[in-house]
Amino acid sequence: MTFKPVPTNVDFIQQEYEVLDFWKETDAFEKMRQRHKGQPHWSFIDGPITANNPMGVHHGWGRTYKDLYNRYWTMRGRELRYQNGFDCQGLWVEVNVEKELGFQSKRDIEAYGLDPFVRRCKARVLKYASIQTEQSIRLGYWMDWNDTDQLRWLAQLILEDPQRVITVEGPEGPVTDTVEQIVGRLGLPELGGSYFTFSNENNYMIWTFLKKVWEKGWLYRGVDVMPWCPRCATAISQHEIVTDGYQELTHRSVTLLFPLRNRPGEYLLVWTTTPWTLSSNVAAAVGPEITYVLVENQGKKLWLSKGALHMLQGEYKVLEERKGEELVGWTYDGPFDDLPAAQTPGGWHPQVQVDTGAKQSAVEAHRIIPWEEVGEAEGTGIVHIAPGCGAEDFQLSKEHHLPILAPLDEDSNFVEGYGWLTGKYVADVADAIFKDLEKKGILYKVEPYTHRYPTCWRCSTELVFRLVDEWFIDMGPVYDKPREEVTPEEKERSLRYQIMDVVDNIRWIPEFGYKREIDWLMNMHDWMISKKRYWGLALPFWVCDECGHYHVVGDEHELKERAVAGWEGFDGHTPHRPYVDNIVLKCDKCGGEMHRIPDVGNPWLDAGIVSFSTLQYRTNREYWRQWYPADWISESFPGQFRNWFYSLFAMATVIDRSNPTKQVFGYATLLAEDGREMHKSWGNAIEFNEAADRMGVDVMRWLYCNHKPENNLRFGYHRADEVRRRFLIPFWNVYNFLVTYARLDGWTPSVPEDFDPAHPEGPTPAVSNPLDRWILARLNDVLARTTVALENSDSYTATLAIEALLDDLTNWYVRRSRRRFWKGEQDQDKADAYITLYHLLVKFIRMLAPFTPFVTEVMYQNLVRGVFDDAFESVHHTDWPVADESIIDQQLLDRMALARRITSLGLAARSNANLRVRQPLRKLYVHVGEGWADLTPELLDIVRDELNVKAIEFVSDPETLVSYRILPNNRLLGPKFGKLFPKVRAALAALPPEEVVAKVNAGEPVVLEVEGQTVELSPDEILVQTQPAEGLAVAADKVITVGIDTEITPELRAEGLAREVVRRIQSMRKNADFDIADHIRTWWATEDEELAEVMDAWSEYIRSETLTDELITGEPPADAHIERHKIDGKQVILGVQRA
RNA sequence: GGGCCUGUAGCUCAGUCGGUUAGAGCACUGUGCUGAUAACGCAGGGGUCACUGGUUCGAGUCCAGUCAGGCCCA
């Protein structure tokens, strides 16, 4: 059996598709998984990807890491779960389904019906789960993927006939259930495949979590003023708004007057960017430490802060100056005191129950209050306070017992009690308000104002701040002292400190992740977990219609037990709206009817629970213990500190007070090649499918791996081209080289009796050629380092080491060994070369397999499976190669490095002297500094051949070659002399270098006079460097100097010409499209005497180099391949023809 | 305003324990080699290591501050 030929023009992308077919046909993933059953576990828990759109290339980045380390640990002999996750519930899916259906608001959804709407959400998730699954498979990501046709089928059935009973094949046999329930059981053990966060198990596990939170006393129903999306008609939590929300927007800000009641004729000057909130003004705040001034301006007396004078229009005169605290308590008339809302005692908030203890109306309450946060950077230094329209305002209302006016309903229209504003949409009232203020004579000015303003992270609608009634998890107090001083009792009361303790047990890669997470936890607000929407976790909170008491249901069993009505309206459905809303419970307190709150849950609950739900915490605790905590999880850092990582840790802390993972591996943000974020509208976005089919996924994967994960990654085709050129093509060429010559020689590896398919290359071959031993040492050295790097999730270091190895392999080993492969005789050295390169490549391929699974599979199929009957079917079934430390000969590595260095300098010297390498030269002089490795005769041969010189001479007294440079050994002498060191240095520099060198070489100390003292320096405290002496044909670095003898004798000149002829004939062979092994006839004709002599004298050499059987003098026949050449100005006609 | 990260060649990035002349790849220029050819080698030009101060015999590296960019939180 021989190797299959390697196509010259390989289509890597086509080849990847062939490999995908091969894996599918041979069920390669499943066989790999079976091989590792029962081995020690390596637990990876996947962070769920939102199944709402096709994958982006940034997902490809994260998934490359996940696949790389999964494959690595698999090869290391671990059993893994290989379960991908899909995030399914929440507003992002709803918004897209609304778009599909052309809906404008929540009312449209209600009219359409919750049941069909929810089913459409499920269908959308199933559709995109199947698309993302196909894309992940294309990436080469080996997971326990679902049958995507089945997912599409379920998506269709859930729309058409959710109650139809179907049977699907699971890992342990067929499962029969309704379509709705099969969908609700996806990812569970009986069905296998990816987990879906809409599964029954995920939802009920969250119920269990929430019940535990409730039992600990950390669940509460709260009132707060929060960002609210008018279109989605829901509050936006802190998790959602912080990054994705803010946009640079221009609004019209207004400056207006509040007439003071106790100081007639004087006004407060107030500024706001949200005019609609003036409708609900209750108070005005000043900074108690800030200085305020009364000015006469435009015929009015105005109060504002001294630092804000610049915003006055026209001339002004300062009349009075007071500190802010002196203004506190002054009363004023508000701008909308004519409205019923402002005149209602206790405030006006018809949609939300809240009690601040205020009995007054807003009109009665208008006064100046102190507030430390007031600044002078913008505005007038006097802040208008509307407790129903701002989060901080709301906090102040609690402190000062101010009444609250909440002007907006769920759709952000003004509620009753607002007179002419009632029924108007919040974004449409600015003009009317300005007019109204003007009419009232209290408008000062209106100006455009640009600021970062929060918008909805899903639909980009500008948010408003609205008084809401939501459910929260209490994060506990922040104690004003270092963490280590927090007592156990205090910790018991504060979830945030408990989470921090959990986070302490996690290894963060990169390390700064730890600090970021702790910072988030210290600043984290209470977690708002409710959302007034339709598609998502049904929060299991049942509230009594009569007394308001509420109960948290912990799972489906408790639900059934406690249900007093409505069970038949729920039975058979997944725990989603609308069916779960049918259930009625009986109130423990008063016996009244309890109904579920309509809210659904925050989607990070869905993702955070997976370390319990997917590991069968409720149903198979033993299994959970085996896989929890995860060894490793990974997501992109930005955002996930407050999202998935946070929810994962918070939920594990509540349920088990343990860390759900041992390590967190994070990476930064993917940018377009131009350094900006990818945006379709900017034309710099790249679709995953397009990238995969244009650059190839092996290239894409290597690009991802060859990057420091904490840095943002610039992604694009130029970089991909570079990776292909620098890495993939050279790698392929080495493989091509081996196969080409092995086929010519009919060489294949012999099959050993103890062939081990897990390590098909076998033990390191016993070879003697230093090149072979060197490259084997390099391979195992890099393998050892790669092993350590991958253990530490450091693919970047691994790829750097591997690329250096590839360079050594292509630019030195193969280059230097080429002749060993094409020489005619079949001797031991040739056999060794084959054995070495074959062994090396197979081991190399297996080391690369987790990085670039496709190209390595192709090579493995040819090199291994095509030869060994007992070989595993796929390279991905083999074990991680073991570095053979015994072959790592450090002295050989050093010597070869020196040989390469000398060669490089020799080439530089030739280049300086303008002497091309084909021209043989007599001698190379080399001087190497003391203590550096010397070269063995074999290595000298290599250098001599590479530099095309007849001899190499080491010079120990290289006056002609170099001059010396004497340097103190700072590392030793710095600490020894301290402040005196600069003078020692100067004294040493003043000595003649030759003298110092002589002493150092003789091992004698150098004596110096420094500031009257005698100082002795031992030879090891002095460094001797060389620099090239004057002259062109010399080159040097710090320890090596080389020089070449530039004299070209007639003999050397003749040999140079012969080599030139050989090169021309070689290129003619190629031009004539001869096979590499074809023997030929060669004709030559020239009128130049010198060249003719060379052709005669060197004919034997020319014939053997060019596989010429007959070297014929005279004009070539017309059917030969003929070229006219000019060699060193000499005309020659050459012809070649297959023999 | 607070926390974290980053700032090194035209571009993308390395730079170990603080040590003498700060590197690579790309791009550019020159040149060489060639059965790796969708290449490759060698050389060259290109640097205020963001800035200021400090510690030290010695700072790209450690410390403090400033500036700029990014992320997170107010």
Side-chain angles (χ1 to χ4, degrees), chain A residues 8-12 238 242-243 373 375 377 391-392 510-525 636-642 668-669 671 673 675 706-708 710-714 716 718-719 721-726 728-737 740-741 796-797 800 803-804 807 809-812 814-815 818 822 903-912 914-919 946 948 965-985 1023 1025 1027 1035 1037-1038 1063 1066-1067 1069-1070 1074-1077 1106-1107:
Chain A
T8 39
N9 283 324
V10 58
D11 180 345
F12 288 112
Q238 186 196 8
V242 279
T243 19
E373 299 297 312
E392 291 153 317
E511 282 175 15
F512 67 75
Y514 171 78
K515 286 187 269 185
R516 290 282 292 264
E517 189 65 33
I518 295 290
D519 181 58
W520 162 258
L521 289 168
M522 286 302 287
N523 290 297
M524 167 71 194
H525 296 189
S636 168
F637 262 171
Q640 299 302 343
F641 292 102
R642 64 170 195 276
T669 304
L671 303 173
E673 218 158 28
N706 183 29
H707 182 82
K708 266 198 185 167
E710 65 265 35
N711 290 348
N712 288 346
L713 170 67
R714 296 193 179 194
H718 291 104
R719 249 184 117 163
D721 288 343
E722 205 183 302
V723 168
R724 190 180 307 104
R725 227 173 38 222
R726 191 184 67 228
L728 191 60
I729 287 174
F731 182 52
W732 184 261
N733 285 340
V734 177
Y735 161 70
N736 185 11
F737 176 85
T740 302
Y741 285 100
Y796 178 66
T797 297
L800 288 183
E803 286 190 359
D807 183 70
L809 181 60
T810 57
N811 282 329
W812 196 248
V814 169
R815 179 183 164 87
R818 180 164 292 132
W822 35 278
T903 305
S904 171
L905 289 169
L907 288 169
R910 291 192 73 119
S911 169
N912 287 339
N914 240 336
L915 290 165
R916 60 182 181 209
V917 180
R918 265 196 306 277
Q919 176 59 58
E946 187 70 14
N948 197 14
R965 187 153 180 246
I966 302 301
L967 291 167
N969 190 334
N970 289 339
R971 207 186 290 269
L972 297 176
L973 295 179
K976 183 171 167 185
F977 291 108
K979 281 189 197 303
L980 198 60
F981 184 47
K983 302 214 158 123
V984 174
R985 224 179 145 125
L1023 300 175
Q1025 288 187 2
Q1027 338 184 74
D1037 65 9
K1038 285 177 192 176
R1063 193 204 128 208
Q1066 295 286 29
S1067 82
R1069 286 179 58 105
K1070 224 163 99 183
F1074 293 168
D1075 190 83
I1076 194 163
T1106 58
L1107 293 184

Distance check needed: B:rU16 P versus A:R971 CZ, whole Å only. 12 Å
Under 4.0 Å, heavy atoms only, any strand: does A:Y741 hit a base, just the sugar-phosphate, or nothing? sugar-phosphate
Is it the case that B:rG41 (base atoms only) and A:R815 (side chain only) share a donor and an acceptor within less than 3.5 Å, ignoring hydrogens and angles? no
Looking for any heavy atom pair under 4.0 Å, which part of the strands does A:Y514 touch: base, sugar-phosphate only, or nothing? nothing
Whole-Å P distance, B:rG18 and B:rG60: 13 Å
For A:F637, the ring pair (Phe, Tyr, Trp, His ring centres under 6.0 Å) test, sequence neighbours excluded, returns A:F512, A:F641
Value in whole Å for how far the P atom of B:rC40 lies from CZ of A:R818: 14 Å
Before you tell me yes or no, could you show the steps for A:F981 and A:N970 under side chain to side chain contact (heavy atoms under 4.5 Å, CB included), namely the whole-Å CA-CA distance, both residues' side-chain angles and the distance that decides it to 0.1 Å? CA-CA 9 Å; A:F981 184 47; A:N970 289 339; 3.0 Å; yes
Tell me every residue that passes side-chain contact (heavy atoms from CB on, under 4.5 Å) with A:L1107, counting only those two or more places apart in sequence or in another chain. A:R1069, A:H1079
Contact under 4.0 Å: A:N733 side-chain N or O vs B:rU37 OP1/OP2: yes
Just checking A:K976: does its NZ atom have more than 12 heavy atoms from other residues, nucleotides or ligands closer to it than 6.0 angstrom? yes
Start with the C-alpha distance between A:R724 and A:D721, add both sets of side-chain angles, then the distance that settles salt bridge (charged side-chain N to carboxylate O under 4.0 Å, His left out), and finish with yes or no. CA-CA 5 Å; A:R724 190 180 307 104; A:D721 288 343; 3.0 Å; yes
Send over the distance from A:W520 CH2 to B:rA74 C1', rounded to a whole Å. 12 Å
Which residue lies more 5' along RNA chain B, comparing A:L980 with A:L972 via nearest heavy atoms: A:L972
Stems involving RNA chain B: give each as a range paired with a range, ordered by first number, where a stem means at least three consecutive Watson-Crick or G-U wobble pairs under 3.5 Å. B:1-7 with B:67-73, B:10-13 with B:23-26, B:28-32 with B:40-44, B:50-54 with B:62-66
Which value, in whole Å, describes the distance between the P atoms of nucleotides B:rG65 and B:rG1? 15 Å
Once rounded to the nearest 0.5 Å, what's the spacing between atom CG of A:L728 and atom CG of A:N733? 9.5 Å
Span that lies between the C1' atom of B:rC26 and that of B:rA9, in whole angstrom: 12 Å
How long is the line joining CZ of A:F981 and P of B:rG18, in whole Å? 17 Å
From CD1 (A:I518) to CZ (A:R516), nearest 0.5 Å: 13.0 Å
Would you measure the distance from the C1' atom in B:rU6 across to the matching atom in B:rC51 and give it in whole Å? 16 Å
Whole-Å distance between B:rU56 P and A:N970 CG? 18 Å
What distance, rounded to whole Å, do you find between the two C1' atoms, one in B:rA59 and one in B:rU8? 14 Å
Tell me: CG of A:L728 to P of B:rA39, nearest whole Å? 13 Å
Okay, side chain of A:N736, backbone of A:W732: is any donor-acceptor separation there less than 3.5 Å? no
Of the nucleotides B:rC13, B:rU12, B:rA36, which has the atom closest to the A:P730 side chain? B:rA36
Regarding the side chain of A:N811, the nearest nucleotide among B:rU20, B:rG35, B:rA36 is B:rA36
Round to a whole Å and report the spacing from CG of A:L973 to C1' of B:rU56. 16 Å
Verify side chain to side chain contact (heavy atoms under 4.5 Å, CB included) between A:F731 and A:Y735, making sure each step is shown before the conclusion. CA-CA 7 Å; A:F731 182 52; A:Y735 161 70; over 6 Å; no
Pick one for B:rC17: is it syn, with its angle within 90° of 0, or anti? syn
Given B:rU20, B:rC13, B:rC57, identify the nucleotide with an atom nearest to the side chain of A:K979. B:rC57
Judged by atom type as modelled, is there a donor-acceptor pair below 3.5 Å linking the side chain of A:N712 to the main-chain atoms of A:T669? yes
Can you measure A:Q1066 atom CD to B:rA36 atom P for me and round it to whole angstrom units? 10 Å
Per-nucleotide protein contact string for nucleotides 3-9 of chain B (B base, S sugar-phosphate only, - none; heavy atom under 4.0 Å): BBS----
For the C1' atoms, the ones on B:rC42 and on B:rG47, what distance do you get once it is rounded to whole angstrom? 23 Å
Below 4.5 Å, heavy atoms only, C-beta onward: do A:Y796 and A:E710 meet side chain to side chain? no
RNA chain B: 5'-proximal contact among A:N712 and A:P982 (nearest heavy atom): A:N712
Please name all residues satisfying side-chain contact (heavy atoms from CB on, under 4.5 Å) with A:R719, sequence neighbours left out, ordered by chain then number. A:E673, A:L703, A:H707, A:L713, A:R714
Side chain of A:K708: nearest nucleotide among B:rA14, B:rG35, B:rG19? B:rA14
May I ask you to verify if any side-chain N or O of A:K976 is less than 4.0 angstrom from the OP1 or OP2 atom of B:rG58? no
Give the minimum heavy-atom separation between A:A668 and A:S636, together with the two atoms involved. O-OG, 3.3 Å
State, yes or no, whether a side-chain contact exists between A:F977 and A:R985 at a heavy-atom distance under 4.5 Å. no
Closest to the A:H707 side chain, choosing from B:rC13, B:rA38, B:rC57: B:rC13
In terms of side-chain heavy atoms of A:P975, which of B:rC57, B:rU12, B:rG35 is nearest? B:rC57
In whole Å, what separates the C1' atom of B:rC67 from that of B:rA24? 29 Å
Can you check nucleotides 24-32 of chain B for protein contacts, nitrogen or oxygen pairs under 3.5 Å, and list what you find?
from, atom 1, to, atom 2, distance (Å)
B:rG25, O2', A:E722, OE2, 3.0

Measuring only the C1' atom in each nucleotide, how far is B:rG58 from B:rA50? A whole number of Å is fine. 23 Å
